[in-house]
Amino acid sequence: MALHVYDTRTREKRLFETARTGEVDMYVCGITPYSPSHLGHARCYIAFDLIHRWLEASGWTVNYVQNFTDIDDKIINAAAEEGVDFLEVANRNIADYYEVMDELNVLRADHYPRVTEVVPEIIDMVQQLIDKEHAYVAEDGVWFSIASAPEKYGMLTGQSIDAVKAGAGGRVEESGKRDHKDFALWKVAKPGEPSWPSPWGDGRPGWHIECSAMSLKHFGEQFDIHGGGHDLRFPHHEAEIFQSECCTGKTPLVQYWMHNGFVNIDGEKMSKSLGNFWTVREALKNYDALVLRHALLNAHYRSPIDLTEQLLEDAKGHHAKLVEAYGHALVITEQAKKAGMQEAPRLPQADVASNDFLASKLGLLEKLLQDAAIAMDDDFNSRQALAKVSNGARLIPQILNNEEIDEMDTAAFAMYAIDWLEEFAGTVLGLLPEKEVAMAVHDPSLDPARQAVKDQVEQLLARRAIARAAKDWDSADEIRDALAAMGVSVKDTPDGVVWTLD
RNA sequence: GCACAGAUAGCAAAGCCCGGUUACGCGAUGGACUGCAAAUCCAUUUUACAGGGGUUCGAAUCCCCUUCUGUGCUCCA
């Protein structure tokens, strides 16, 4: 069992090996902060968060760099519309990014370099490319010359240079480009635009160059993983290959190019023009952050995902079971501690004295965790892994509720279940909430929000109990409906009446 | 047009690289429990792999052809 990773460039899944033993240099293209983060961002950064987490769980030290493209046409336009400085727009949306990603339980990268902080490095790189005759200076800026390295064309997309040549070419006259396939390394500023001094006139970096400059700065000439959205393969990532490899002379720039699939909404591409565009914040009004995370992890990272209401509702149900199992185990452990049972044996190493049922289920849980690891090692198959976790989450309450198992073993199992869940569902998948939250899900009496309505609810429940005892079902149902209107749902379980707040 | 990806049971989605064994889940149906509902559990939903050829003892999996879908070729996670 060893990790295999799919590489977009070679189009194959292969054994994961890095330049430096035990260390992974991973660069993921970050956002252009001209508007609040949307669900596509959530999908992308959750996908790479999963990758980040699994690499670390597997014993690698990950050096994770993710940039912010904080100067760009769209930011300039947004700032102009608002009549504010471009940095104000960028900073606001970067703050939004951090906030929503924190909610989605995305772990922070090690560095978040910003374009505006690496302008000297960019200028240096552009100068080297000019010196090596891979770039040329024009009136409106500096352009990379595709003709200087045609063999690098189509590295990620398989497109042939001739085919693209045959495509649209009418834009050449509008700029200083010699060939419509050439791309900007440096753009000379128009009046009023933010700019930095350079040997080719005041201006700003072209879109692609920052990633080359940043990866060079943080990792050197070659590194292990470069990630981003599927759409970035062309031209962005191919442009990076041109710039970096032509500048350093080292090839390949990246060992594993990783691209996540896109988000569709109800079968259509999510876009502002279609009106089905969701920011993360909007989505979080309707769904818990971890439920959204669950939904997004319930697909392989390379597949497109179609977010539908049904998909999200399914995720809600699955996630609730996971949290319930966790909360249940936590509550039992707390109770056991109070009862002075700290010395419960550690499973599964300890003998399981009380019965075969428990022993067999423990074996099953161990197997599920192994299978989940195998799934993750197969190019981060989180859907498969999540299926294993869900199976476990269903098994755990069955064991905790089993009356054949004595108290000591139940307590021991509860501790084991907590570890089981935290190890994978928590640490690797990032799907477990805070302990207090989980415990309140299992035992609603622990939820502070209940205290406010407790007296009123219990009065009504008492009246309902009387009505039920008298088999006055109409009155009983009336009371239940009244409680439902207050946001309280009532369930008659074998252990008595349980009520929860929606 | 060119390029890349995909087409799997009612829905959704793994498996395909490394041919031979059940995916998992949701929904539905039946049952247990229940005043009803909810939840839970059990069972059924099973000769599913776009179509056609080929290779093979054996193909969802490998090869060829066809059809259809998505995405990229301009800013995009």
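Predicted, not measured: the structure shown is a model, and the values here were computed from it. Residue numbers start from 1 in every chain, and the chains themselves are labelled A, B, ... in the order their sequence lines are given, proteins ahead of strands.
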Original post:
Under 5.5 Å between ring centres and under 30° between planes: does that hold for A:Y45 against the base of B:A77?
Top reply: no
**OP:** Would you give a per-nucleotide map of nucleotides 9-16 of chain B, 5' to 3', where B means the base has a protein non-hydrogen atom under 4.0 Å away, S means only the sugar-phosphate does, and - means neither?
**Re:** --S-SSS-
Original post:
Got a donor-acceptor contact below 3.5 angstrom from the A:N93 side chain to the A:V89 backbone?
Top reply: yes
**OP:** Encode nucleotides 33-40 of chain B as B, S and - characters from 5' to 3', where the letter depends on protein heavy atoms closer than 4.0 Å: B to the base, S only to sugar-phosphate, - to neither.
**Re:** --BBBB-S
**OP:** Determine the Euclidean distance between corresponding C1' atoms of B:G19 and B:U55; express it in Å to zero decimal places.
**Re:** 11 Å
Subject >> Rounded distance (nearest 0.5 Å) linking atom OH of A:Y301 with atom OH of A:Y6 >> reply: 9.0 Å
Subject >> Note: A:D492-A:R464 ion pair, threshold 4.0 Å (strictly below) >> reply: yes
**OP:** Only counting residues at least two apart or in another chain, list the ones meeting ring pair (Phe, Tyr, Trp, His ring centres under 6.0 Å) with A:Y256.
**Re:** A:F16
Original post:
Any Lys/Arg nitrogen of A:D102 or A:R108 sitting under 4.0 Å from an Asp/Glu carboxylate oxygen of the other?
Top reply: yes
**OP:** Using the C1' atom on both, measure B:A60 against B:U21 and round to a whole Å.
**Re:** 15 Å
Original post:
P atom, B:C24 versus B:U45: distance in rounded Å?
Top reply: 13 Å
Original post:
If you look at every heavy atom in A:L368 and A:W420, which pair is closest and at what distance?
Top reply: CB-CZ2, 4.0 Å
Original post:
Hey, is A:D72 close enough to A:R204 for a salt bridge, meaning N to O under 4.0 Å?
Top reply: no
Subject >> C1' spacing across the pair B:U44 / B:A9, given as an integer number of angstrom >> reply: 15 Å
Original post:
What distance, rounded to whole Å, do you find between the two C1' atoms, one in B:U46 and one in B:A32?
Top reply: 25 Å
Subject >> Nearest to side-chain heavy atoms of A:K74, which nucleotide of B:C73, B:C75, B:A77 >> reply: B:C75
**OP:** Write out the stems for RNA chain B, ordered by first number and formatted as range with range, counting runs of at least 3 consecutive Watson-Crick or G-U wobble pairs under 3.5 Å.
**Re:** B:1-7 with B:67-73, B:27-32 with B:40-45, B:50-54 with B:62-66
**OP:** Tell me what A:G229 touches on the nucleic acid: a base, only sugar-phosphate, or nothing, going by heavy atoms under 4.0 Å.
**Re:** sugar-phosphate
Subject >> Geometric cation-pi criterion A:K152 and A:F242, 6.0 Å radius, 45° cone >> reply: no
Between the protein and nucleotides 62-69 of chain B, which nitrogen or oxygen pairs are less than 3.5 angstrom apart?
none

Original post:
Which is true for A:H318 with a 4.0 Å heavy-atom rule: it touches a base, it touches only sugar-phosphate, or it touches nothing?
Top reply: sugar-phosphate
**OP:** Take A:D371 and A:K367, measure what salt bridge (Lys or Arg N to Asp or Glu O under 4.0 Å) needs, and give me the verdict at the end.
**Re:** CA-CA 6 Å; A:D371 288 348; A:K367 178 74 164 56; 3.0 Å; yes
Original post:
When rounded to the nearest Å, what value does the distance between P atoms of B:C4 and B:C49 take?
Top reply: 28 Å
**OP:** Using the salt bridge (Lys or Arg N to Asp or Glu O under 4.0 Å) rule, pick out the option among A:R302, A:R14, A:K13 that qualifies with A:D379.
**Re:** A:R302
**OP:** Specify the separation, in whole Å, of atom CG of A:D231 and atom P of B:A5.
**Re:** 17 Å
Subject >> Donor-acceptor under 3.5 Å (A:D110 side chain, A:Y64 main chain) >> reply: yes
**OP:** For A:R233, enumerate each residue passing the salt bridge (Lys or Arg N to Asp or Glu O under 4.0 Å) test, keeping only those at least two apart in sequence or located in another chain.
**Re:** none
Subject >> C1' gap between B:U66 and B:A28, integer Å >> reply: 36 Å
Original post:
When you check the gap from the basic side-chain N to the acidic O, do A:D182 and A:K177 get nearer than 4.0 Å?
Top reply: no
**OP:** Using a heavy-atom cut-off of under 4.0 Å over every strand shown, decide if A:D314 touches base, sugar-phosphate, or nothing.
**Re:** sugar-phosphate
**OP:** Look at A:R11 together with A:D7 and state whether they make a salt bridge at an N to O cut-off of under 4.0 Å.
**Re:** no
**OP:** Answer yes or no: does atom CD of A:E151 have more than 12 heavy-atom neighbours from other residues, nucleotides or ligands under 6.0 Å?
**Re:** yes
Original post:
Taking the nucleotide of RNA chain B with the closest heavy atom to each, which residue, A:R302 or A:V263, is nearer the 5' end?
Top reply: A:R302
Original post:
How far does the P atom of B:G53 sit from the matching atom of B:G20, given to the nearest Å?
Top reply: 23 Å
**OP:** Could you say whether A:R11 or A:G40 is positioned toward the 5' end of RNA chain B, judged by the nucleotide with the nearest heavy atom to each?
**Re:** A:R11
Original post:
To the nearest Å, how far apart are A:L232 CG and B:A5 P?
Top reply: 18 Å
